[in-house]
Amino acid sequence: MANRRCPYCGEIMPSFSLNCPMCYHSIHTKEKMEEDIKISSPKPKTYNRKIIILLALLPAAIGLGGMAQLYMKNYKKACRYLFASLPVYTSMLLLSNGVSSLSHTTATILTIICTVLFLASYFMQAFDALVGSIFSVNCIRSTISN
């Protein structure tokens, strides 16, 4: 059997030993370390892609954006999309049905603006649910060395 050296103190130790006879550090074999990594690594969250697609497209079409993010337990994004899409959708419906006391031209212009805002919110939340965020914020911390 081949001998090996302890990575902590450099003492020669038998290849079958799991602890160094000099410093008593635990020495893992390659197989043991790979097994520990497999056990300790968390499982990635998996969500049903069909449900995500349905929740990203159908409820958002009636002003309930962010339902796919809610399903994926991303509550902050879900609230942001819901609070962005619902008021715009409601305003768009009220303006298009002539409920307001505005002139026809003003109501038409506001309806077009609300429609564009709603569609932008709709596609943004759907893209975010299906592909990932289009706005990624990279925080780079600068370190000042003396």
- Keeping the roles fixed (side chain from Y122, backbone from L57), state whether a donor-acceptor pair exists under 3.5 Å. yes
- The single option from T111, T115, L117, V116 that satisfies side chain to side chain contact (heavy atoms under 4.5 Å, CB included) with I113 is L117
- Determine whether F123 and I62 fall in the same hydrophobic cluster, where Ile, Leu, Val, Met, Phe, Trp and Tyr are linked whenever their side-chain heavy atoms lie under 4.5 Å apart. yes
- Task: Could you tell me which non-hydrogen atom of G63 sits nearest to which non-hydrogen atom of L82, and how far apart they are?
- Result: O-CD1, 4.2 Å
- Measure the shortest side-chain to side-chain distance between Y47 and R49 over non-hydrogen atoms and say whether it is less than 4.5 angstrom. no
- What's the shortest heavy-atom distance between Y71 and L55, and which atoms? CB-CD1, 3.5 Å
- Any donor and acceptor pair, going by atom type alone, linking the side chain of N97 with main-chain N or O of L93 inside 3.5 Å? yes
- Query: If you group Ile, Leu, Val, Met, Phe, Trp and Tyr by side-chain heavy-atom gaps below 4.5 Å, do L54 and L130 land in one group?
  - Reply: no
- Item | Least distance between heavy atoms, C9 atom then C23 atom | SG-SG, 3.7 Å
- Message: Do M13 and M22 sit in one hydrophobic cluster, given that two such residues count as connected whenever their side-chain heavy atoms are within less than 4.5 Å of each other, even indirectly?
- Response: no
- Message: Please identify which of these residues, I109, L119, L95, T90, meets the side chain to side chain contact (heavy atoms under 4.5 Å, CB included) condition with C114.
- Response: L95
- Item | Interatomic distance, K50 atom NZ to I52 atom CD1 [nearest 0.5 angstrom] | 12.5 Å
- Message: Between S103 and T106, is there a side-chain donor-acceptor contact under 3.5 Å, judged purely by atom types and distance?
- Response: yes
- Same apolar cluster: F127 and F118, side chain cutoff 4.5 Å: yes
- Is Y81 reaching over with its side chain to a backbone N or O of G65, donor-acceptor style, under 3.5 angstrom? no
- Item | Check: R5 side chain, E11 main-chain N or O, donor-acceptor pair, under 3.5 Å | no
- Message: For Q125, is there any backbone N or O sitting under 3.5 Å from a side-chain donor or acceptor partner on Q69?
- Response: yes
- Query: Side-chain heavy atoms under 4.5 angstrom apart, residues restricted to Ile, Leu, Val, Met, Phe, Trp, Tyr: same cluster for V131 and L58?
  - Reply: no
- Task: Look only at the side chain of Y8 and the backbone of C20, and say whether a donor-acceptor pair between them is shorter than 3.5 Å.
- Result: no
